[in-house]
Amino acid sequence: MGFADQRFNVNLSILFTELPLLERPAAAAAAGFTAVELWWPWVDSPTPEQSELDALKKAIEDAGVRLTGLNFYAGQLPGPDRGALSLPGEESERFRANIDVAADFARSLGCTALNALYGNRVEGVDTAEQDALALENLVLAARAADRVGAILLIETLNQPESPLYPLVSAPAGIAVVDKVNEATGLGNAKFLMDLYHLSMNGEDLQQVIAAYADRTGHVQIADNPGRGAPGTGTLPLEELLDQLAKAGYEGFVGLEYKPGDRPSAEAFDWLPAAARAAR
């Protein structure tokens, strides 16, 4: 086994960002990849003009790549925000306005995974109030995802880089997954296992995989330290992905790392060109 036996996709919100959004799918294809994922591309608008949605859809289709993952609106990301769905007031309303827009865009491209970032804690707001609002919004998102044949992903981040984000352990993420599935009865909420974030939290990655591989709907990787490409840090990513595969995980592995001080097209030398096309 090894890297060559995985199904990779490229996150176009952290890689190829030196290019305009509409040029990134073709750049990923030129690098040999056939699958991509995206954070919500319009950070200032949960409901962009249809022409903008159509242009991105065309760019993805023309490049011959498949969109395999999409975030719901999450505020300023990259930036100070870590999601909108647990924030009372305007941001929660923006998230709700985005739900059907994101779900329908995903369906138009055959994308079957939608990621809902929880959002930061808000000073002066009761955490129980935020959690209740979050569950309401996640239930709406799960139902929309189910309507378009998709799963809903719940992601754990890391405390050093996201100190106000409440889901900073695998058990915390799994607990939210369970609450959403219990509330909807759909069973389509899954854990997004980001090995970089979990490692930054000091978790035992082998133990996390053993405990939660069967509850995992998507995996993302970057090396640690530095959030760079595999081989730039110390994480045994090849071995960890092998363990995931042996545990039954058959989904995509998202490349969500920083290219460093080089063009993104040069940041894939760790992966043979023949292994980049998703199978």
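Note that the numbering runs from 1 along the sequence shown for the chain. These numbers come from a predicted model, not from an experiment.
- In summary, the side chains of Glu37 and His218 do present a donor paired with an acceptor at a separation below 3.5 Å, with no hydrogens or angles considered.
- Scanning all heavy atoms of the two residues, the minimum distance from Glu129 to Pro88 falls at OE2-CG, 4.0 Å.
- Using a cut-off of 4.0 Å between Lys/Arg side-chain N and Asp/Glu carboxylate O, Glu91 and Arg94 are scored as salt-bridged.
- The only option from Asn158, Thr156, Asn224 that meets the side-chain hydrogen bond (donor to acceptor under 3.5 Å, both in side chains) definition with His197 turns out to be Asn158.
- Summarising the local packing, CD of Glu23 is surrounded by more than 12 heavy atoms from other residues, nucleotides or ligands at distances under 6.0 Å.
- The pair Arg147-Asp104 counts as a salt bridge, with a side-chain nitrogen and a carboxylate oxygen less than 4.0 angstrom apart.
- Judged by distance alone, the side chains of Tyr118 and Asp131 do bring a donor and an acceptor atom under 3.5 Å apart.
- Phe252 and Val10 are not part of a single hydrophobic cluster, where members link through side-chain heavy atoms under 4.5 Å apart.
- Glu250 and Arg7 get closest at one heavy-atom pair: O-NH1, 2.9 Å.
- At a cut-off of 3.5 Å, with distance as the only test, no side-chain donor of Glu203 or Ser169 sits close to an acceptor on the other residue.
- Salt bridge present: Arg262 and Asp269 bring a charged side-chain N and a carboxylate O closer than 4.0 Å.
- Between Lys57 and Asp54 there is no salt bridge, since none of the side-chain N atoms of the basic residue sits less than 4.0 Å from a carboxylate O of the acidic one.
- Side chain of Glu256 to backbone of Ala222: no donor-acceptor contact under 3.5 angstrom is found.
- Between Arg24 and Leu19 the shortest heavy-atom distance is NE-O, 3.0 Å.
- By the 4.5 Å heavy-atom criterion applied to side chains, Ile14 and Tyr257 are not counted as neighbours.
- Applying the side-chain contact (heavy atoms from CB on, under 4.5 Å) test between Leu38 and each of Asn115, Leu12, Asn11, Thr68 identifies Leu12 as the sole match.
- At distances below 3.5 Å, at least one donor-acceptor pair connects side-chain atoms of Asp204 with backbone N or O atoms of Gln206.
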